[in-house]
Peer 1: 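Can you read through this structure? Questions will come right after.
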Amino acid sequence: MHAGKGIAILERVWPVLVLVVPLMAVVVLADLYGSVMFQRTVTDALIKIVLVVGLYIFIGNSGIVSFGHIGFAGIAAYFATWMTCCAMMKPITMTGLPDFLRLETYSLWSTALVSVAIAGVAALVIGLVLMRLSGLAASISTLAALFIFHAVYANWDSVTMGRASIVGVPTYVTVWVALGGAVLAIAVAWLYQISSYGLATRAARDDEVAAQASGISLYWNRLIAFVLSGMVVGLGGVLMVHFQGTISVNAFYLNLTFITLAMLVVGGMRSLAGAVVGVVVLTSVADVFRRLEAGVDLGAMRLSTPVGTQEMFLAALMLLILVFRKDGLMGRRELRLPRFPGTGQGREAP
Amino acid sequence: MRNFLQVMVDAIALGSLLALVALAIGLVFGVMRLINFAQGDYITIGAYALVVPAASLTPTLLIGALPIPLMVAGVLLVVVMLALATERVAFRPLRDSDPATLLISSFAVSYFLQHMIMLVHTGRPKSIGIGQALTTPIEVLGLRVPGIQVVTMGVTAVLLIALVLFLKRTPMGIQMRAAAENFQMARLLGVPANRVIAMAFVISGLLGGTVSLLLIVQTGTLDIRMGLMPVIFAFFATVIGGMGSLVGAALGGFLVGVSSVLLQSYLPEGLRPFRDAFVFGLVIVILLVRPKGLIVIGAARERV
Amino acid sequence: MTPPETAAEPRPTRLQAQNVHVSFGGIRALTGIDLTIRRGEVLGLIGPNGAGKTTLVNVLTGFQAPTEGRVMLEDQTLTGMKARDVARAGVARSFQAARLFRDLTVQENLVVAALGAGLPRRAAEARAHEILDWIGCAPIAHLTCDGLSYGDERRISIARALAMGPSFALLDEPASGMNETECAALMQVISELPAQFDCGVLLIEHNMTVIMGVCQRIHVLDGGRSLAEGTPDEVQANPAVRRAYLGEKADQVALTI
Amino acid sequence: ADDPIRIGFAIAQSGWMANYDAEPFRGAIMRIEEINEAGGLLGRQIEYRVSDTRTDQQYAATVGQQMVAEGVDLLVVSCDYDMGAPAALAASQAGIMNISLCAGDPKMGAQGVGPYTFTANNSGQTEGIAMAEYATREMGIETVYILEDLSLEYHRSAVAGFRAAWLQDRDEASILGRDTYMNDDPSIASQITRLRGLDPQPDSLYMCSVMPGGGSAIRQIRAAGIDTPILGCTAMVDNYWLGAVPGLTNFWLPGFMSLYGDDPRDEIHEFLAAYEERWGEAPGSSYVINGYSMVEAYELAVSRAESVEAPAVTEAMEAFTDEQFLAGPSTYTPEVHILLDRPYLMMNVEDDSFRAVEIYRPTLIPDMQLLFRIGQ
Amino acid sequence: MLDISELTVRYGKLTALDQVDIRVAGGEAVFVVGPNGAGKSTLLKTISGLLRPASGGIGFEGSDIAGVAPEKLCQRGLALVPEGRHIFRTLTVEENLLVGMMIRRDKAAAKQDLERILQTFPILRDRFRGVAGNLSGGEQQQLAIARALLQRPRLLMIDEPSLGLAPLVIDQVYASLKDLNAAGLTLLVVEQSTARVLDLATRVYVLRSGKVVLSDSAEALATGNAMEEAYFGYAGRESA
Ligand SMILES: Nc1ncnc2c1ncn2[C@@H]1O[C@H](COP(=O)(O)OP(=O)(O)OP(=O)(O)O)[C@@H](O)[C@H]1O
Ligand SMILES: Nc1ncnc2c1ncn2[C@@H]1O[C@H](COP(=O)(O)OP(=O)(O)OP(=O)(O)O)[C@@H](O)[C@H]1O
Ligand SMILES: [Mg+2]
Ligand SMILES: [Mg+2]
């Protein structure tokens, strides 16, 4: 029971290390030897990790599936765009912006911070209303919130340019920056998870009634999770827009919502490791299929699958994973230091 | 006044269509906690079944070329088979997963089906002109009601009543609700639970096929995403109606459809683009006021 | 075992239900119940199935609003407060089903409750540890709760209520599904509670051995009304109680178990 | 300079965008092959390769960067601003020439993506202008009702152009109303109710939309007994969707070319014959011509600049004035990298087919305000 | 009637039942007792088809039923009241009972049975149209037992019938079971507490850690303390 202090600390940070170190390794490899395509795939995956880990902070801990978080990514991304984009065009095309956005351009650091904070504020405002609800009613209202976000941003021409893409956002997100984002997200998620707030939120997930009887406020604990995860997802949005250089409202809508949720569930909705593993697995599989579809040279023969089969395979694979691992690839476990089995029955702690 | 009545007719017609979709979503949810997004693809595939599967842009009719009774039966059969196949292959093995996993698996099924259609038909919208006669309006008391709207309202009313009676009164219906709630226990009591749950999918297939036909007559177009928005609206409808209550689902469908039409009709021009934002805002308000939905069935609230 | 350190103000000595009525539509689950739980005692609550025992606990803990009447903690009115605030005021409970947080570890289950009572993290961990030690569950502290044996589940659910450092602990059928050995151990635990935790206990049980063995007083409900209250011997001898609840073999049961 | 000129196509070969990119791509290949057969451009053969963007903006950027890294002289991007811009941006930032097959958004140019970006199509506004002018001048239409599909920016641009041209000769009162809908609305009954409630009824209906919502809306409008001329926009060209509205007549729009044998221009007939010979089937979409003329434009600019370097080619392109390409005379300026007055073939539906009516060249040249829809 | 031989059941690595042999003749009332986690519930679940055995055979009236679906077994006259009641919370009390009656072909007799059951458990009549999820714990237990009785099985298995019941009701339940047993219903009952067992039982099995550690006729066990010894052998950790 009484391990040394060093081991105790290692035990605490291990679940983060074990996720972060392999990611670093991949990034180093990509940086040294990868093609543009590979580097960009890795960067994209790291940004997805930020998004999915952000989702996990709320969904995994509260047990409430949120369909609305991609909206916070959108809000942050648009704000970052307004702060940094196209100094020439902005005053003409985005006339509805307040002067401090329309006429000025800000540094990337302050932009990132402010945008993430804006996502947090948005999450706070929405959370104040929606966290009264629980279960399916909460889920569906977050979906409603996403639709509202979309309807507003798609038609608020004077500041978002409607559905059109805005082009010319500075692209500073390299694979290293994305790695930084992913590490930050993972660390934040882990710290939250083991904090008192995280613990209380997870308790409420397992049994709302018993949690109330234990003196826990469902509302405030979930609200904290909601805001924090809104901010992390917002960070994902900021990275996305500065990676791609363009932004449009449709990029922050159902497709991204579905794919990120799918990654989370396939990896394991109830474990931080699951969030990361889900992204890695689905991205790699999609990448392999994409290469197959593009064709593989086998000597003189060129094998390629018909267009569209890739998506069908991916869908089938997701189903298979879910059928054989109901709680996702990671189940409900985190990757912990192996320890000596305890006495008595029951499962090992996650 | 007449204009208002006309708007109400439009509103109820759209409400009926969404109510039909919501019934299917609500039924399957009631039976296995599955919010079946693939319901949208049932609708889409039902519609595509009318034409020969081919990449060509101007499709030739397949089932659509049959005499009307056969055509209707054909579409329903296709969709029912599809619903059964998805149940057997994808949803049955996942039966005791939690709702989130089931939901994601239905995304996967939907994604699969969508790309299957794309593979066969290409992603390009197609057109198909059947049921022309049904689209011509009938004048009733100075109101202009397209035949298809009348049909939609009638079909919805009939199916809703039939379904409610089926679930409340028939042994199969009670068994279905029992299996819905506790699958293993139902089996212990001799309920052929697999068959009973498959039955729910058969019904959702019938509803899906009906919606395919109604939509096709109304729009004359085929598109791989044609089922998506109705299903998303129905999803909202089912929740605000009260999960697990079919009448609630239908009511929710009406409410969403009606409010969408009313907003479209009465919002000032500048705000009309934000119509959907208002509809969804309304959804949130309803849920805040009634978190369990409009119709709360007795035991929806768990007793401590 | 240290009493909760939040005891800056004097701990309440009485939890009272005053003229509590509850009806669900036409069903009158409770009719004019007056009941007082005193700190330092174990009060038994018995009665036939459907008598309203669980409902009364729900009223006392804020999970059920009474249609009439009120709940007092010393001089503080609890009626109308949210369940969680009642819990924070010092009234903890367990449930008829264990209702553990099943993805958390045993230790974490207790920590959550201690945090809920307002302790800082460190103190909460320490208290959880202490209680687990005391109740004999320290060896399973790091196991997750799904997969625990039934008896362990029941004990942890009591321990969790205790982790709040409550002034009053309301336990709903803690011994159901336990065998004789476990019942004996449980009786030991319950009878030590008032002293160890400086609290009052309300115990609902159908197991007469347990009830008769640990309660100083027993309150009997029947059909939502109070039927009797008294010492175990008085209650056991009460013919109305025997007719409504215990049955004629009562003595025999108490003897053979 | 013996090594070939390399053209990369970062276009959609899967996903919904593939339908819009496929035909212009074939058209472009035809021109490339003709050039190579005739000895090449600046004496160099043209080599091309294509990579699928899968109708995904993020992935389009990746494909664009990959192609740039592999070294292309020209990057051709999707026939749509949103889908094409990410790849175009990659090329622009690397100082490489890039042209969209047929995007209709002026931001696909110097003010949006970057200095080396062009598109081989008229602006969306120009379509609206052409339709409004034609309706006014040749069809004798006095009043109009506007029904706007909100789901694409393109529709809004066309409507903006339409309004601007319409209001040249008349006042607001001649626009009897305006309504909106979403492309995926299953029913537009309430819009029709509003339209039917107008008194007087409009002479015509301007409706910019695409399939499937466009076809569905027209079906519902006609079913409601509204027979006024419908003025549409180019995206609804070609017969493939007419099945939705059997017996449709009086539907007008500005098109590129007729695929149905009645195009007034001989060179179009030759092109169609050549197409059938090359691909073994008739083209499915009249957008094909944009791809062909896109390569024509690049060819002309490169031969004038005698270089494939982006600055030189850009300068040559910007000097285009009414250069005669297959799709019609084309003009670019240093400010505007999109076409503003390439003539249209006006078309009308009769006997379940589009019919060529006549060539019409819009006269109103949209200014920057209109192009970027400022204050609209 | 029921003939279980060398039955082994596993949950993953954990062996819950290990080479268990149990025999129940027609008309018997056999009890299985044992401490927590002994595998009693596992045994009943396996017989009723909810779990698949890892090895071993389960003979029911001469045919092997290992792995046969529960709904099929139910039709052959096997009923189980599982641990944890498992009433249909969203259905009414009436509908719960109806589901139990659905496999009956003799509808008229089933109606009579329903009457009789409602007399035994009057509370169910009071709550007949109410939603079952609102019942109190003990009321739910009564509903679960009533529902199984309505199936009119030939072999009735009950997992802890007395759980959460008031003493008086326990007496009633046991009295009913005794009557039914006398009328020919074969019983296989799991109980935690050994107190009432000997009154009704013809034979008793004591299960511990997945193994049968004792089996004997009730009369034999009533005298002497073999049963206590087997039961408490090295039972609960905390008592040790
Ligand atoms: N939400 C409700 N709606 C309707 N009736 C209810 C509700 N809650 C409880 N009841 C009824 O009130 C009565 C009292 O229930 P309660 O659970 O308090 O009984 P109990 O004394 O705890 O019984 P048991 O010993 O069986 O647990 C029961 O008859 C029950 O059916
Ligand atoms: N679903 C399951 N997964 C894993 N292990 C299980 C499962 N169900 C039971 N077990 C384990 O199998 C063993 C036997 O369990 P079982 O429920 O059959 O015991 P029991 O004799 O009925 O106990 P109780 O008296 O507590 O009801 C126990 O160790 C238990 O932890
Ligand atoms: Mg109770
Ligand atoms: Mg058991």
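Protein chains get the first letters and strands the later ones, always in sequence-line order, with residue 1 at the start of each.
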Peer 1: Taking C-beta and beyond as the side chain, do B:M185 and E:F88 meet within less than 4.5 Å on heavy atoms?
Peer 2: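 Side-chain contact under 4.5 Å: yes.
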Peer 1: Whether the side chain of B:E181 engages the backbone of E:R89 through a donor-acceptor N/O pair (distance < 3.5 Å, no angle test) should be reported.
Peer 2: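 Yes; at least one donor-acceptor contact below 3.5 Å.
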Peer 1: Side chain, backbone, both or neither: which part of E:E95 has a heavy atom under 4.5 Å from chain B?
Peer 2: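 When you check distances to chain B, atoms from both the backbone and side chain of E:E95 fall under 4.5 Å.
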Peer 1: Looking at CZ of E:R85 and CG of B:N182, how far apart are the two atoms once the value is rounded to the nearest 0.5 Å?
Peer 2: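 E:R85 atom CZ to B:N182 atom CG measures 14.0 Å (nearest 0.5 Å).
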Peer 1: State, with a plain yes or no, whether a side-chain heavy atom of E:V99 is found less than 4.5 Å away from one of B:I174.
Peer 2: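 E:V99 vs B:I174: side chains touch.
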Peer 1: Among E:A79, E:C74, E:A69, which residue has the highest count of heavy-atom pairs closer than 4.5 Å to chain B?
Peer 2: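 Top count of heavy-atom pairs under 4.5 Å with chain B: E:C74.
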Peer 1: Heavy-atom cut-off 4.5 Å, strictly under: side chain, backbone, both or neither for B:A186 against chain E?
Peer 2: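 Both parts, backbone and side chain.
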Peer 1: Using a cut-off of under 4.5 Å on heavy-atom pairs, state which of E:L80, E:L98, E:L78 scores highest against chain B.
Peer 2: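 Looking at each of E:L80, E:L98, E:L78 in turn, E:L80 comes out on top.
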Peer 1: Rounded to the nearest 0.5 Å, how far apart are CZ of B:R177 and CG of E:L91?
Peer 2: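 One gets 4.5 Å once the value is rounded to the nearest 0.5 Å.
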Peer 1: To the nearest 0.5 angstrom, please state how far the OG1 atom of E:T92 sits from the NZ atom of B:K168.
Peer 2: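 Output value for this atom pair is 8.0 Å.
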Peer 1: Provide the closest heavy-atom pair for E:L50 versus B:Q184 in the form atom of the first, atom of the second, distance.
Peer 2: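 Heavy atoms of E:L50 and B:Q184 come nearest at CD2-OE1, 3.3 Å.
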Peer 1: Only pairs of heavy atoms separated by less than 4.5 Å count here; which of B:P171, B:A180, B:A178, B:G190 has the most with chain E?
Peer 2: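 Most pairs with chain E among the choices: B:A178.
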Peer 1: Select one option (side chain, backbone, both, neither) describing which atoms of E:L135 are under 4.5 Å from chain B's heavy atoms.
Peer 2: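 Looking at E:L135, just its backbone touches chain B.
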Peer 1: Based on non-hydrogen pairs under 4.5 Å, which of E:K72, E:M102, E:Q75, E:M101 is most in contact with chain B?
Peer 2: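 Maximum pair count with chain B is reached by E:M102.
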Peer 1: For E:L73, which atoms come within 4.5 Å of any heavy atom of chain B: side chain, backbone, both, or neither?
Peer 2: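 Neither part; nothing is under 4.5 Å.
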Peer 1: If you count every heavy atom of other residues, nucleotides or ligands that lies below 6.0 Å from B:R88 atom CZ, does the total exceed 12?
Peer 2: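 For B:R88, atom CZ is not crowded (no more than 12 foreign heavy atoms under 6.0 Å).
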Peer 1: Counting only heavy atoms not in E:R23, do more than 12 fall under 6.0 Å of its CZ?
Peer 2: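 Atom CZ in E:R23 is crowded, with more than 12 foreign heavy atoms closer than 6.0 Å.
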